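This report concerns only the one structure given below.
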Amino acid sequence: MKRWKRVIISLLLIFVMIFSGIVLNTFVFNPEYVRADEIIGKGEVNADVTGLRIRTSTSTSDNSNIITVVNGGFGFDIYDKVYTSDTYYWYKIGFHYDGSYTYGYISGEFVHEIIVYEEEKDFEEYLDKQQFPESYKEGLRNLHARYPKWVFVADHVGKDWNEVVENENAIGRSLIHESSISSWKSIEEGCYDWDSDRWIVFDSGGWVQASSELVQYALDARNFLNETNIFMFERLSYNSNLHMESGIDNIIRNTFMNGSSHDLYYNGTYYTYASGLLKAGQESGVSPYHLASRIIQEQGSSGYGGSISGTISGYEGYYNYYNQGAFAANGQSAVVNGLIYAKRYDEETLRPWNSRMLSIIGGAKIIGKNYINRGQDTIYYEKFDMVSPYWHQYMTNILAARSESVTAAKAYSDEIKENTALVFTIPVYENMPESACPIPEGDGSPNNLLKNLEVEGYTLTPSFNKYTTEYTLVVENDVDTIHILAEALGDVNSIEGLGQKDLSVGDNVFDIDVNAGNGTTRTYTITVARKASEKEPISFTSDYTFNRDDHTVSGIELGSTIQDVVGAVHIEGPAVLKVYDKNDIEKTSGIIGTGDILKIVSDDGIFEQFTVILYGDVNGDGEIDLLDIVRLKRNMLGWIDLSDIYMKAADVNRKDGVDLIDIVAIKNHILGVKTIVQ
């Protein structure tokens with residue numbers, strides 16, 4: 001008995017161990033059981049971020065703790081905020097990775113919490129009072145949910161959207177680097193060299209004209225109503241309550257200005273870049289955060305710009321931090337012209353700029369006087385001048401405002417963003433598209449032109465020109481085939497429609513489609529007219545009236561079918577009668593109407609065609625009704641233009657002209673008073 005008890009106890013222990021193992025394994029490997037902490041929110045990587053690392057800890061000293069790399073739009077669960085010595089805290093997050101739910105840490109500098117907007121009556125009334133269009137409101141609501149103290153001001157510019165787009169598309173006014181994808185670059189006249197398949201450079205360094213689609217994207221404020229790009233609309237005047245050295249440090253971190261050994265000396269005092277930019281902001285009335293981001297934009301994060309090297313031959317010891325006056329002209333590079341500007345004397349702007357601080361402060365004074373204090377007081381308006389308008393812009397880079405807003409957003413700590421009433425002036429134009437203009441995405445060569453096009457052995461009319469797409473050719477009746485040849489001007493995906501083509505008597509239309517690398521297609525068309533035989537015309541008899549002078553046929557009774565007409569024409573010899581509609585598509589059933597075409601074709605290629613006239617049938621449906629009267633009246637009022645065959649059908653009394661008498665005749669026919677004789 002005791003032995004059985006020991007066996008039973010042993011079995012129970014084994015069962016418990018197995019069950020515990022199952023439970024343990026379930027707890028370890030089932031994602032639903034590993035979430036020991038409560039989810040406190042949702043987060044997302046900022047849209048403009050690429051290559052952001054998720055780590056097993058907050059340490060960035062080496063890369064051994066990297067779990068994976070993610071891009072903008074990546075979503076995750078938030079479990080905790082971890083504060084380190086850095087300005088930005090870290091998030092402890094959970095996310096799905098490689099088939100499992102995984103924990104990790106991600107820097108708060110490059111992500112944002114997703115806060116669901118709950119309708120606020122006061123905020124909705126404020127948006128309406130500002131007259132923000134509906135298409136702006138979703139972005140503003142999301143921002144308000146995250147930063148309820150922020151103030152959004154609708155600037156109703158008073159300009160038509162299409163007018164603004166047209167002016168910002170002026171050649172040389174809106175540029176993008178030539179290394180960009182092709183849909184970002186303009187192929188309008190004067191912007192692209194079709195022969196060389198290259199874009200024309202308008203500024204040194206490879207800057208070419210931006211495409212209209214990219215200009216529209218950059219102009220459309222609705223594309224930038226997120227917590228990073230919103231800073232292109234921030235007011236840029238100096239504010240002592242907001243602008244601090246710590247904020248400048250945040251901007252210049254990881255740039256040449258952080259801990260730089262450059263000598264920054266001004267009026268008996270040495271400065272760091274952070275303290276020097278704060279001084280420049282105080283003296284110019286311009287946000288030092290904007291000045292810092294402006295220098296990064298002009299000189300690069302590494303400070304590679306020749307304008308601040310101090311070593312350019314002939315201009316040693318001169319500096320131009322904001323690249324004022326720096327544009328290629330008179331055979332000089334942009335850098336040299338900028339240093340010529342820096343070397344000139346001007347007491348108000350502290351020139352000559354023979355020290356770094358003189359350039360930083362003096363250049364800031366120019367920005368303040370010429371831009372911020374004249375109404376161009378946001379990064380957006382520095383690029384898109386609505387004051388002059390259009391011509392007075394600080395930068396030509398069409399995406400400068402977008403890139404600078406990313407830098408400007410780094411100036412403020414999360415605490416300042418959450419507790420400060422930052423003011424953003426957001427432009428609204430008249431007659432804007434219903435939704436935000438998307439950023440173009442297509443790439444590849446846009447060149448869909450032909451270098452030459454020919455029909456072998458013949459000459460096209462007009463002579464070939466790569467921009468001309470319509471050509472004609474007339475050949476004799478004994479020519480029943482042709483061979484089309486073409487060569488592309490640039491690198492294309494394909495050319496369709498080449499090779500040997502059979503010819504029928506009459507017009508033969510051939511389309512040659514040139515498919516460019518970017519997916520666009522240009523169609524060249526060759527219309528080849530093959531002459532009829534010079535033999536005697538086909539003989540036929542009929543009760544209908546066939547007019548070989550104007551190639552019309554009349555006398556067909558209303559309601560006649562295709563079969564009726566074919567049976568009423570008796571052809572002598574091997575030939576057939578076919579009926580086609582006004583678009584030259586064969587009809588095999590239905591009734592005959594004005595504009596239909598009777599074609600008589602013999603076996604040896606001889607053919608004649610006649611266009612049908614049914615008097616009173618003005619719209620070509622084979623009937624006489626009120627629609628014909630309406631169509632005729634619209635023609636008499638000048639609202640439409642009837643073609644010749646329909647005007648002949650409207651001349652019911654055959655008096656060489658359409659007038660009210662014809663309208664009365666059609667009306668009487670409809671009423672049954674007097675039938676129109678065909």
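All of these numbers come straight from a predicted model, not from anything done at the bench. Heads up: numbering here begins at 1 and tracks the sequence.
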### Electrostatic pair Glu124:Arg141 at N-O distance under 4.0 angstrom
yes
### Task
Determine, using ring centers only, whether Phe424 and Phe224 are less than 6.0 Å apart.
no
### Task
Not counting sequence neighbours, which residues clear ring-ring contact (aromatic ring centres under 6.0 Å, His included) with His177? List them please.
Trp207
### Message
List the residues meeting salt bridge (charged side-chain N to carboxylate O under 4.0 Å, His left out) with Asp584, not counting sequence neighbours, and say none if there are none.
### Response
Lys599
### Query
Is there a donor-acceptor contact under 3.5 Å linking the side chains of Gln609 and His551?
no
#### Entry: All pairs passing salt bridge (Lys or Arg N to Asp or Glu O under 4.0 Å) where residues 538-550 contributes a residue, at least two apart
Arg548-Glu608, Asp550-Lys648
### Task
Using salt bridge (charged side-chain N to carboxylate O under 4.0 Å, His left out) as the criterion, list what pairs up with Glu134, not counting sequence neighbours.
Lys137
### Task
Anything under 30° is parallel, anything over 60° is perpendicular, the rest tilted; go ahead and classify Tyr471 against Phe464.
parallel
### Task
Apply ring-ring contact (aromatic ring centres under 6.0 Å, His included) to Tyr381 and list each qualifying residue two or more places apart in sequence or on a separate chain.
none
### Task
With sequence neighbours left out, write down each residue that passes salt bridge (charged side-chain N to carboxylate O under 4.0 Å, His left out) with Lys674, or none if nothing qualifies.
none
### Message
For residues 502-515, which residue pairs pass the salt bridge (Lys or Arg N to Asp or Glu O under 4.0 Å) check, not counting sequence neighbours?
### Response
none
### Task
Output every pair passing side-chain hydrogen bond (donor to acceptor under 3.5 Å, both in side chains) with a member in residues 428-437, not counting sequence neighbours, ordered by first then second residue.
Asp160-Asn431, Tyr380-Tyr429
### Query
Quick one: does Arg522's side chain have a donor or acceptor within less than 3.5 Å of a partner on Val514's backbone?
no
### Message
Any non-hydrogen side-chain atom of Val428 less than 4.5 Å from a side-chain atom of Tyr136?
### Response
yes
Kindly list each side-chain donor-acceptor pair under 3.5 angstrom involving residues 164-172, sequence neighbours excluded, with atom names and distances?
from   : atom 1 : to     : atom 2 : distance (Å)
Asn167 : ND2    : Glu163 : O      : 2.8
Asn169 : ND2    : Val165 : O      : 3.2
Asn169 : ND2    : Ser212 : OG     : 3.1

### Residue that, paired with Ile526, satisfies side chain to side chain contact (heavy atoms under 4.5 Å, CB included) out of Leu453, Thr472, Thr469, Ile482
Leu453
### Task
Would you mind listing every side-chain hydrogen bond (donor to acceptor under 3.5 Å, both in side chains) that reaches into residues 623-639, with sequence neighbours excluded?
none
### Message
I want to check something: taking the side chain as every heavy atom from C-beta on, are Met232 and Arg402 in contact at a cut-off of under 4.5 Å?
### Response
yes
### Task
Take Asp491 and Ser445 through the side chain to side chain donor-acceptor pair (under 3.5 Å) test and state the conclusion after the steps.
CA-CA 7 Å; Asp491 183 18; Ser445 170; over 6 Å; no
### Message
Quick check on Glu188: does its CD atom have over 12 non-hydrogen neighbours (other residues, nucleotides or ligands) under 6.0 Å away?
### Response
no
### Message
For a quick check under 3.5 Å, do Asn515 and Ser494 share a side-chain donor-acceptor pair by atom type?
### Response
yes
### Task
Name all residues meeting the ring-ring contact (aromatic ring centres under 6.0 Å, His included) criterion together with Tyr192; count only those two or more places apart in sequence or in a different chain, and write none if there are none.
Trp194, Trp199
### Query
Any donor and acceptor pair, going by atom type alone, linking the side chain of Thr594 with main-chain N or O of Asp617 inside 3.5 Å?
yes
### Query
Ser183 side chain to Gly442 main-chain N or O, any donor-acceptor pair under 3.5 Å?
yes
### Query
Can any side-chain N or O of Lys185 pair as donor or acceptor with the backbone N or O of Ser180 at less than 3.5 Å?
yes
### Message
I'd like to know whether Lys451 forms a salt bridge (Lys or Arg N to Asp or Glu O under 4.0 Å) with Asp195, so could you lay out the CA-CA distance, the side-chain angles of the two residues, the decisive distance to 0.1 Å, and finally the verdict.
### Response
CA-CA 9 Å; Lys451 184 176 182 180; Asp195 292 316; over 6 Å; no
### Task
Please confirm whether Phe152 and His144 have ring centers closer than 6.0 angstrom.
no
### Query
Any salt bridge (Lys or Arg N to Asp or Glu O under 4.0 Å) pairs touching residues 374-393, not counting sequence neighbours?
Arg294-Glu382, Arg374-Asp385
#### Entry: SB check Lys582 Asp596 (cutoff 4.0 Å)
no
